[in-house]
Structures are given as structure tokens and as C-alpha cells.
Amino acid sequence: MRPKTLLRIARWEATKGFGGLDRGAVAVGVAAVAFVLAVGVVGVVGGVAIEDGIYRVGVEEDSDLYGPVADDPAFAAVEPNPEAIDGGGLAAGGRYDLYVEDRPGGARLYLAESGGEPTEKSRAALAALRGSIDRYNDRRLSAEDNASAAFPVTVTVRYVERGGSEVVAAGDAGDASGADDGDSTTDGGAGGTDGSSGGGATGSDGGTTGTDTETTQGATGGDTEGPIGAPSLGAFDLFGTAGTTGTPSDIQPPFPFQSLVLAFLFVLPLNFLIQAYGSSMLSERLGRRGELLLVAPVGRADIVFGKTLPYAAASVSITVAIVAGLRLLGGEAGLLSVLAVAPLTLLFLATTFLGSLFARSFKELTFVTVTITTLLTTYAFVPAIFAETSAVAFVSPLTLAIKDLTGTAVTPGQFAFALGPPTLVGAICFFFGLGLYREEDLFTQRAIQHKALDALAERIRRPRSVAAVVVLLVPFVFVAELFAVALLFALPVAVSIPLVFAVIAVIEELAKGLPIYAGFAHDRYGRTLPVSLAVGAAAGIGFFLAEKLTLAVQLVGLPGSPVADAAFQTGFGAPTPGVIALLAFAPLALHVATSTVTAAGASRGRSTFVLGLCSAVLVHVAYNAAVVSRVV
Amino acid sequence: MSRAAIARRELGSLSREKTIVLALLIQLVIAGFSSFLVVGLTSLYDPGAAEGDVVVGVTGEEADRLLAAAEPVDGLDARPYDPADAEAAFDRNEIQAIAAVERRGGRIAVTVDAPQTSLQKTLVVVQLRAALEELERTERSARSEHLSFQPVSVSVPASVDASPYFGFSYAVLLPLLVFLPVFIGGAVVVDSLTEEIERGTLELLRVAPTSLTEIVEGKAGVLAALAPIQVALWVLLLGLNEIAVANVPAILAFTTALSVVAVVFAAGLALAVPVRQRAQLSYSLGMLAAFAAAALLPEHPATTVALLAIDSATPTTYAHLGATVVAAIGAAAILRVQLAAVDAESLG
């Protein structure tokens, strides 16, 4: 790679089409401005209330309940018609889901019924109404002069480490600063009446944050009106630290809701970026446009990384801009957030690069891009939800960003655990993709499976290089296995463990078998028995060595759940040194044996390869069932 | 006739590349993901999902009041403790939290110590909050003579359980499943047209006895028609999961209208900017901008879908539906007029 040519290609890529203001650039600019404006407008209007008026309540305007109903956008107050409750009940399918009848002794509530039972909708409406009444009361009471009668109970929640019985300093500091933030920014004045108790001031904030929750609920989407009280998303409580002191309705369960939403800010631009990047890469393949660069005296790596660099740089600068914006708003985001997003960028770009080499048309590329977006966003988000509660969260780099946003420290081990795997996977995707960046694969309509074999075979020169390719595939094996564990985790252990064994056997044998087959199919080595043995041994040893890296997984502290243990066979649960030694080397024998079986099949042709692979999987499953389940 | 031939060809290429299958799979993943998020998160808060009660040790001079308030809360077991015993019990994991209740300046001050690292702490806080809110209600009514506003309360015929996912299914999940196919349909129109132009195959098509109008309408028509079909499938699937959707014809009409507007926008963009990268970026940014800006309408389109599905439609909802249909017809007419004026030779 020569930096000078790389940079020149990067400059071409970045300035392509910006020479003059052509229609395309104008269209993108207009759309981007419209997008920013529209989002700004939504921000000013106060979010999109999707639940607007989904429950219809028949209520008189002078009823006590009119206030709570009218204040909550989820309800539509409808003029009541007493005929609706003539039969002593409210029939479903009419104009009301709930009906309030004012009587001298107090209001009576009717739920829409069908077949004598309240409908699901009316019950949901009632649950929503209860919450709405509580918020309405709090809001009205916050205007009371006598604050201690209006809010007679104050609550402080402290998170304490078990065993030590001492309050964790970080949590405590967070509490205190959180309460301060709330005071200084949202104090409506009413809370100032009570100087002696800090709780009084935050108590009155409860009213304002309560309304925020209402208006932003729809915009954030992932929330229900059920028992989850979504913490407020108001601009003044961005970091979710407030609310640990206050009235009972102020305290929020520990859940990094705001931080998650903020972290989404980091991932959102990546989706647009890979769209542009994928288009650019694929359009090189249309009409042999890329040929000009390919025949020029520059290396493939220069071309690929030169074309990638502007997008990576754009991502970094967008992240820096977001971090700077958050800091201006008083957030704690910093360098760690930028570092956390970098491997995600690499992963997004690398998978898109590979996708654009495989896609046969723009249509297919769109679906590939959407798939990448969906899967990688899931990968980044689902673990990050548990940022406050579980070490598994560090599987995702986004957890680091959340820790950064909430001002929590991160150990170097966690840092490496979160950033290492995505960086590695991204780098390997680029490595395999580079193998495909050549005339035969770029400009011809080869079937996807052939391209995949091309990518593998490109890295195989002789039997022992199979080992290196298998090693490179191991991160993908882990990703696939983690995915399987995540999917099967919810099942009962009696079902999930055998299933995990089977799925893992298939994944691991495929990872060893495909490079072997690719080598035979591309005539990288002869189709003889000694070669089969050598290739099988190489694949087995390569896989074994790479797999032992999982020990690192255990060291960083993936919790010892039985499913995770079954997946990674670390054998740490074993009782004696002899067993540990056996567990350490038995897999080596297994991997060599099974991949030799596959290699023997692959040397004869495609159908025997499938046959060999199936027998290898069966042997693997039998081994797992016999050895692992007995010892662990 | 040639319009149908183009449409058939377009459909053929979609099914040959199996992208339609992929599209449905993606939607399934997105729907599954969002449901997983909500169901998973709700179960963190759901007392029914936990094994056994949350046990809380209550200490302090006013402990009795909290103990009384905790009585009616399901899944919460509040026990009186001495402060020292409570800490020991907390360390031994016999109780999940300590609540110290004191009287301070005319108020009741409760300090809750919850475990720092535990998946259960969410549930502990939620359960304790229920008890504390009950306590607040009791204390408030005891001081009601000092208040000018009397808190509203509601007497319910009987205790009723509500599904916490009810609002989510209609207000988030269903609109998501309506807007995704619409969005993807337009994106595919952009791809399909820009690819023909960039590859230079549009010229070949035009050698055949077809006009540009027929080509564009054939391609856009297929994708506009695919969206309501997908939505119909989702409605069926939701029905199997006991989420009954009301006003299905109206929802499908709304989807069709939206999808026509989307593909017209996409086709117009693709012809104006016949470079995929630019056109696709403008399309997705533009669509998101339109979706956000729709908040300025009297009713957001997502709300329209939700209100129709949950059977709470108002006259505004139907007015919205009508206006969208009119907009779709208008957009299609404008596209046809514009296409007649486009000089096909000028496209690559």
C-alpha cells in the first residue's frame, strides 16, 4: 500500500460529483436540509404522539375525571350519551371504550364489554387512565402552597454493593449530581417553598418531567403505557441521572433509557453512510467502470481503502460533531464515545463492502444494506440495554458509549472486550473482500456461492494455508454461536443445550469444511489422500488454536450461565487437572478427525463433500453429547 | 399490454434474486426485535415473571406506615427489621432491599437501599414504588384539609388486568409494519430505474415498442402493489397472534395510497437524478423528513394507522385517509404528465 496513491483515490472518491453543483448533489443537499428541519420541527412541536387518541372516553366536561382525560393525548374525550349505558353496561363496538357517569356519590366508570367481559381495549384504557390520573394529581398538587401536605413522602434510592454494606461512591455521586441537575434546570419555582428538604424541590419537578414523558412517548416508540414509566426525555434530563430522589412517582427504575436513545444518535448516520458507500462500490462494477483503476499501476488495497477512507472519515467527524453537541448541552460524552463508535463504523463499512461485492444489482444491494443495518443495530443495541445490570452488555461497543454518557468508568479489559471483536470481524471482512476485488469477480455475474468460495480460495496457496483461513473464520463462528446462544437462551435448559450442541457442530464443521472445499474446487492442491490428510489436519489445528482464544472470553467474565458454558466448552468447571488436560486436548483430536473426514469427501467432488460434512457434523454432535455433557 | 410485460419482468427479477423473501425476513426481524424489546423489558418490571416475592426489610420509626401501604401490593413482602439486622440480612441476600422510614420536618422520608448489581433491582424499585405511591395516597388524604385541590380518584367496578403490550401492538408495531414495506418499495423503484439508466439497458428497453411512461409505470406499479399485499400478510399474522386488527380494508387503502405516493416520489427522483448513490440518499433522507414533518398534520399517518387498527377512528382519521388517496391519485397523474415531457434520450 502506498499512502500517496491511497490518498489520491480517497480525494477522487470524496470530490466525485462535487466538481460542479450537479443535480444529484443539490438533491442530496435539499433532502438533508429538509430532514434536519423536519426533525427540528418535531423537536419543537414536542415529538410525535403516535398513541394520540387511541382510547375514547365518554366524559362530561364538568366531571372530575375530565382533567386527566383531556390532559393525556392517549385519550379522546367524547361527548357522553347516557343511552350508551342504558342496559347497565357499556357495549363494545360503540363510540366509547370507557364511560364516566357522574353521580352524586362520585363518578362511576363503565368499561366496554363484549359477552359480559370487559374488552382487552377497555382494560388497557383503564390501566392508562390510572397512570394518567396519578400524573394529573401530581401536576395539580405541585401548584399547592403547602408542599409538605401535597407531597408528604420523599424517597431516596441508593444502590448499594452487597457484602460491603458501604454505599458505592460512584452511584452516590451520581445521585447527588442528578438531583442538583434537576433543581437548577427545571425548578418551576413552586418547589422553592421548602428550603429545608431537598426532596421538595425535585418533587415539584415531577410534574414537569411527567408531561415530558407524555409528549415524547410516541417519538421514542419502544414504550408502552403499561407498568413501564418511561423516564423523561426532556432536554434537561438528558442523562437520566435525576429522579433517584423525589416523590414516589419520581423514582425511576434503573434503566439507561435516555442513554440508549442518545447512543442511537451515533448509529443513525452510519445507516446513511453505508448506503452511499455501497452505491459507490457497486457502481464501480457497472459497465466495467472499475476496470480503469484496476489496470492502473495501483494496488487493490490502495483502491479499496482509498474509496473507503472518505466514508470512514465522514463517520468519525459526524461522531465528533455529535459528541461536541452533547457536551454543549451539558453531557459527559467524550473521547470514549468516539472510540466506541469507530469499530462499529468499521463493521458497517466492511460488511457493506462485502455485500456490494456480492450483490448482483442495486435492488439486491438495498436489501443487503437494510439487512446489515437491522442486524448490526440489533447487535449494538440489545446487549447495551443491560448496560447497568450485566457484564454481557460489553459484547456491544455501544455499551461503552452509554457508560461514557452516564459518566461511568470502564476498565481496560471491558474496553478490549467491547472493541476487539467488531474490529477484528471488520478487518477480516475487508481482507476477504479484497480477494474478490479483481476482474473475474467484479464484472461477471457469478453465483453467490461461487464468489464465497473465490474469496476463501484466494487466500489458499498450499494445504497449510487452510489453517490460516480457518483461523480467520473463527470470529464469524463465534458471532454465529453467540447468536445461536442468544436465540436459544430463552428455552428450557433441557431443550436448549442439545440444540446448542447441534447448531454449534454444524457451524464449526462448516467453518472448517468450506475453506477445505474451496481449495479443492480451485485446484490449490492435488486431490490425493495425503493431501486430504494434510488439509484436514491443518484445518483442525487452526480451528483448535483459534478456539482456545475463547479463554479470553471467560477471563473478561462472561457470566457462567450453563448455555454459554456449553457453547464455549471452556472446561473451567471441571474438577481435576487430568480432566482439564483431557478437555484441553480432546477437542484437538476431534477437530482434526472431523475435518479430515470432510477433506476426504471434498477431494472427490461436491456431493461427497456434502456427505463428508454431514458425517463430520454427526461425529461432532456425538462427541459433544458424550464428553462435554458428562464432564461439565 | 407492455406495461404488464414490464411489471412481470420486474416481479421476475425480484423473485429470482429472492429479494422479496429477504425483505419479508427483514421485516420479521424488525418486528420481532421491537416486540422482543418491549416484551423483554416489560418482563423486567413484571412482578408475575419473577420467582417469588420481592422481600424488603423495613426499618425506622414510621415503619408501620410503609408496612401497611405495602400490604395490598402483589408480589411485595415487606417485613419489619431492626436497622442492624436489616443490613446483615441484606448482605446474606435474605432481603432484596432496605427501606428506612423516618419522619422529617412534617414529611415521611424513605431511604431505599437497593442492590447495585442485580437484574432484580429494576423489579425491586418498581414494586417498592407501588407501595410508596400507596403510602403517599394515604398520607395525602390524612392531610387533605391543608390542600386546596382534592386529588382525583376513580372507583373501578372490579379489579381488571390489562395487557401491557396492548398499546404497543397497535400504536407502534402495526404502523411499523405498514411503513416498512412502503419505504422499501420506493427504495427498490429508485434502484430499478437508476440501474437501467446506469447500465444503459433503458435504451435497449426503449428499442422495444414501449414508451418511457409504460416502463416507469410498469416498474413503479408492481412495487406500489406489493406493499398492501405485505401489509395484508402482516395483518393475518397478527390475527394468528390474537391481535385483532379492525378496519382492514381502510388500512390497506391507506397503505396503497402511501405506497403510490412513495413510488411516485422515488420514480421522479430516479429520473431527475439518474445516479443511484445520490438518488437513494435523497430518497431515504426525504422520506424520513416527510415522516417527521407529518407531525405537523392534524394527525400523524402512523396515528391514522393506529386509530383505524384499534377501531378508534375519528372523522379526522377518515378525512386523512381520503386526502391521502386524493394525493396519491394526484401524484400519479403528475408523474404521467411529467413523463410525457421527459426527453428519454437525455437519460444515460
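Just so you know, these numbers use all the heavy atoms, side chains as well, and skip hydrogens, waters and symmetry mates.
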**Student:** Considering residues at least two apart in sequence or located in another chain, which fulfil the side-chain contact (heavy atoms from CB on, under 4.5 Å) criterion with Val78(A)?
**Tutor:**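 Val78(A) satisfies side-chain contact (heavy atoms from CB on, under 4.5 Å) with Arg56(A), Arg95(A), Tyr96(A) only.
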
**Student:** Using a cut-off of under 4.5 Å on heavy-atom pairs, state which of Thr373(A), Asp134(A), Leu365(A) scores highest against chain B.
**Tutor:**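 The residue among Thr373(A), Asp134(A), Leu365(A) with the greatest pair count is Leu365(A).
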
**Student:** Which distance, rounded to the nearest 0.5 Å, do you find between the CD of Gln277(B) and the CZ of Phe362(A)?
**Tutor:**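 Rounded to the nearest 0.5 Å, the CD-CZ separation comes out at 9.0 Å.
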
**Student:** Can you tell me how far the CD1 atom of Ile184(B) sits from the NZ atom of Lys363(A), to the nearest 0.5 Å?
**Tutor:**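 Going from CD1 on Ile184(B) over to NZ on Lys363(A), the span is 14.5 Å.
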
**Student:** Under 4.5 Å heavy-atom distance to chain B, tell me which part of Thr374(A) shows up: side chain, backbone, both or neither.
**Tutor:**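 Side chain only.
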
**Student:** Within the 3.5 Å criterion, strictly below it, is a donor on Ser284(B) or Gln275(A) matched to an acceptor on the partner's side chain?
**Tutor:**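 Looking only at side-chain atoms, Gln275(A) and Ser284(B) do form a donor-acceptor pair, the distance falling under 3.5 Å.
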
**Student:** Can you list everything that forms a salt bridge (Lys or Arg N to Asp or Glu O under 4.0 Å) with Glu133(B)? Sequence neighbours excluded, please.
**Tutor:**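 Per chain and number, Glu133(B) pairs via salt bridge (Lys or Arg N to Asp or Glu O under 4.0 Å) with no residue.
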
**Student:** Can you measure from CG (Leu281(B)) to CZ (Phe35(A)) and round to the nearest 0.5 angstrom?
**Tutor:**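 Nearest 0.5 Å value for the CG-CZ distance: 11.5 Å.
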
**Student:** So Ile54(A) and Tyr170(B), do their side chains get closer than 4.5 Å, heavy atoms only?
**Tutor:**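 Tyr170(B) does not reach Ile54(A) side chain to side chain.
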
**Student:** Let me know which of Arg278(B), Glu198(B), Arg276(B) forms a side chain to side chain donor-acceptor pair (under 3.5 Å) with Ser279(A).
**Tutor:**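 The residue from Arg278(B), Glu198(B), Arg276(B) that satisfies side chain to side chain donor-acceptor pair (under 3.5 Å) with Ser279(A) turns out to be Arg276(B).
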
**Student:** Among the options Ala76(A), Gly29(A), Ala276(A), Gly278(A), pick out the one with the most heavy-atom pairs lying under 4.5 Å from chain B.
**Tutor:**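 Result: the option with the highest number of such pairs is Ala276(A).
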
**Student:** Using a 4.5 angstrom heavy-atom cutoff, name the option from Leu132(B), Val273(B), Val110(B) with the most pairs to chain A.
**Tutor:**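 The candidate making the most pairs under 4.5 Å is Val110(B).
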
**Student:** If we define contacts as heavy-atom pairs under 4.5 Å, which of Thr366(A), Val36(A), Asn271(A) has the most with chain B?
**Tutor:**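 Answer, by heavy-atom pair count under 4.5 Å with chain B: Thr366(A).
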
